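Data first, discussion second: the structure below is written as structure tokens.
Sequence lines set the chain letters: A, B, ... in the order given, protein chains first and strands last, and positions in each chain run from 1. These figures come from a predicted structure and were not determined experimentally. Below, each value reflects all heavy atoms present in this structure, side chains not excepted, and no hydrogens, waters or symmetry copies.
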Protein chains: 2
Amino acid sequence: MRARIEDVARQAGVSTKTVSRVLNHEPNVREQTRERVLEVVRKLDYRPNPSARSLAANRSFLIALLYDNPSPNYVMEIQGGVLEACDAHQFSMMVRPLDSQAPDFVATVQSLIGQQRPDGLILTPPITDHPELLAHLDQLDLPYATVSSRIQGSIGVTMDETRAAAEITSHLVRLGHRRIAHVIGHPAHGGSELRLAGYRKAMAEAGIDVRSEWVVPGAFSFASGVAAARQLMALDSPPTAIFAANDDMAAGVIWATADAGWRVPQDLSVAGFDDTPISRQVWPAVSTVRQPSRDMGRIAALQLLRRIRHGEPGELVQVPYTLQLRDSTASCKRDA
Amino acid sequence: MRARIEDVARQAGVSTKTVSRVLNHEPNVREQTRERVLEVVRKLDYRPNPSARSLAANRSFLIALLYDNPSPNYVMEIQGGVLEACDAHQFSMMVRPLDSQAPDFVATVQSLIGQQRPDGLILTPPITDHPELLAHLDQLDLPYATVSSRIQGSIGVTMDETRAAAEITSHLVRLGHRRIAHVIGHPAHGGSELRLAGYRKAMAEAGIDVRSEWVVPGAFSFASGVAAARQLMALDSPPTAIFAANDDMAAGVIWATADAGWRVPQDLSVAGFDDTPISRQVWPAVSTVRQPSRDMGRIAALQLLRRIRHGEPGELVQVPYTLQLRDSTASCKRDA
DNA sequence: CTGAAAGCGCTTACAG
DNA sequence: CTGAAAGCGCTTACAG
């Protein structure tokens, strides 16, 4: 039979309330008492029953990670980070794939909250940018933290995507490229706008007029990268460099160029964003912006837990990015 | 305030025990009573408190998915399938990344079980093939289901990996290849042995002697595929085809050939295994064996839930595979 | 077919 | 600094 708090109390010669105090790091326990309790805990290998704890405390000690992201790599990284934070705070995590475009999206989340009763939520793109959901959560007074939200005012983690996008675009400019195209990300993701803005900013700073045919829509998927590249390669005066708003699309661009017999980087330079494994697994490897996704998951969860556990406000932490320059970008060899 | 079972009982004019019967689909409730209760449940939007339920029933209604797999794509697919099954049975799922090679691996799992108290476990490769862990679980009498276990006797899901590997090898033989190499998977994964056995079987049936230098160790990682390909390309008489035990390694092989200036499939045919996204995202796309991972996750969870919920024994279900032939394999153009 | 009572293992006021 | 009592919201025997 499993030890209960009562067993610990009896063997330590104290009340269950005192054991509870020790376990929950509450003040007002004599050091000697505390040590005696902890020793019995160890001896009996006592672990509090989570259900009893939740029921009595009226908290689930659970946070839910909500995602609707086509990239398994990204989701797994975030998930790993959130899990790390949860483990450190004796919380558990549940994961929830969702379709944020579905008409009953908010109702689905509501139902999930009603059933599992998480103490808080971690929101990832594009769920971070769903105003209706955020309004609903605020009204419920259910704490949440966001990862890379475009919307102001929530706690969590962010990165200066605009500046990062501008930097990698400037890198292409420095390599001598002027006809630089951009493949936009999925329209529902706030990051798409930010990265596009960074591209435009860098082009403007370089004094290059962005032709409208250089900016093509994408959807963050490999297939959309293939389609965009084909469209760009078919232009009368095709670009000498393409900056895709994520690595999956950059991989699609590379695939399409290989399929068309173009060489990267000789005929075309290609840059991505995110530094997911795919960027290293295509040939040539893609120059990209490293986003510390795992850290971002952990940090977002940490901010959420601060709020849940200690009632602190929590903050929006900005993490640094780094450029990863690889073989897919090189000096412009075609015309000036 | 949230509705409790007592509120439902009062408004329906029955006892809480009767409400409990209806909610848990127990027998011995008059149809009319049952309908009255369900109507009040709807009206009050009543959801049982999971903690109270778990505490009273002495079950967590939780299953844990244990993994130690380098492929995010694979894990996400399995996870999605398990989640589907859990949702259908009002169970929740927790995920647990582990290091199955760590010396304290069994202790870690034991601690996890002690803290979270799952009603059952889903094991994925290579955790499926850890005899010490399985023995421990059997002793604890904690139900588990396996995905692709090499070890006999557990419930869950499997695929005839040996036959699948033989089939894709035979495909290469039919294309005229005779110098066919194999890159083995990670030694801790049971699937590695099975796939190697399939390769050997097909080669034997084709009457081809497998030279020892054709069979090179790998680790299921992209990098190990690159290394293996370089080793094979350096042979005096290099193979005309390489069958890698998974897609990540096949992608690595393709990368290494491109890097060395070889053309696929003209200079070398390449085949993989799993049909993960990477197989379609490298150029040329890789011929591979489709493994229905998501279905496998769902089926394994379903067998586990049968056992947990209804005390049924559960079974080991075998799922079908399909060959996905793409552009990385072609007729042998080099010598006969 | 239905219900009253006890109990699951914790935490929460409250008292001292 | 410590404890006795009540209660969280369900299910489990048990009785009828």
Can you find a side-chain donor-acceptor pair between [X] and [Y] that sits under 3.5 Å?
X: B/Gln79; Y: A/Gln79; answer: yes
X: A/Asp129; Y: A/Ser149; answer: yes
X: A/Thr276; Y: A/Asn73; answer: no

Check: Does B/Arg53 make a cation-pi contact with B/Phe61, if we ask for NZ or CZ under 6.0 Å from the ring centre and within 45° of the axis?
Finding: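 Yes - B/Arg53 lies over the ring of B/Phe61, closer than 6.0 Å to its centre and within 45° of its axis.
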Check: Are B/Arg96 and B/Tyr67 in a cation-pi setup, meaning NZ or CZ lies under 6.0 angstrom from the ring centre and within 45 degrees of the ring axis?
Finding: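 Here B/Arg96 fails the 6.0 Å and 45° test against B/Tyr67.
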Checklist line | Other residues, nucleotides, ligands: >12 heavy atoms within 6.0 Å of A/Asp87 CG | finding: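 Atom CG in A/Asp87 is packed in, count exceeds 12.
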Note to self: If you take any heavy atom closer than 4.0 Å to DNA chain D, which residues from residues 8-45 of chain B end up in contact?
What the structure shows: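 When residues 8-45 of chain B is checked for heavy atoms under 4.0 Å from DNA chain D, the hits, listed by number, are B/Lys17, B/Ser20, B/Asn24.
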Next item on the list: Name the residue closer to the 5' end of DNA chain C, choosing between A/Ser51 and A/Arg59 according to the nucleotide with the nearest heavy atom.
Entry: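 Nearest-nucleotide comparison on DNA chain C picks A/Ser51.
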Check: Reading DNA chain D 5' to 3', which nucleotide is the first, and which the last, to come under 4.0 Å of any heavy atom in chain A?
Finding: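 Contact span on the strand: D/dC1 to D/dG9.
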Margin query: Classify the ring geometry of B/Phe105 against B/His130: parallel below 30°, tilted from 30° to 60°, perpendicular beyond 60°.
Written below: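 Rings of B/Phe105 and B/His130: tilted, as their planes differ by 30° to 60°.
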Next item on the list: Determine the stems involving DNA chain D; a stem requires 3 or more consecutive pairs of the Watson-Crick or G-U wobble kind, each with both distances below 3.5 Å, and the answer is none if no such run exists.
Entry: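 Result, WC/G-U stems under 3.5 Å: C:1-3 with D:14-16, C:5-12 with D:5-12, C:14-16 with D:1-3.
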Checklist line | CG-CD distance between A/Leu44 and A/Gln11, expressed to the nearest 0.5 angstrom | finding: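 Nearest 0.5 Å value for the CG-CD distance: 4.5 Å.
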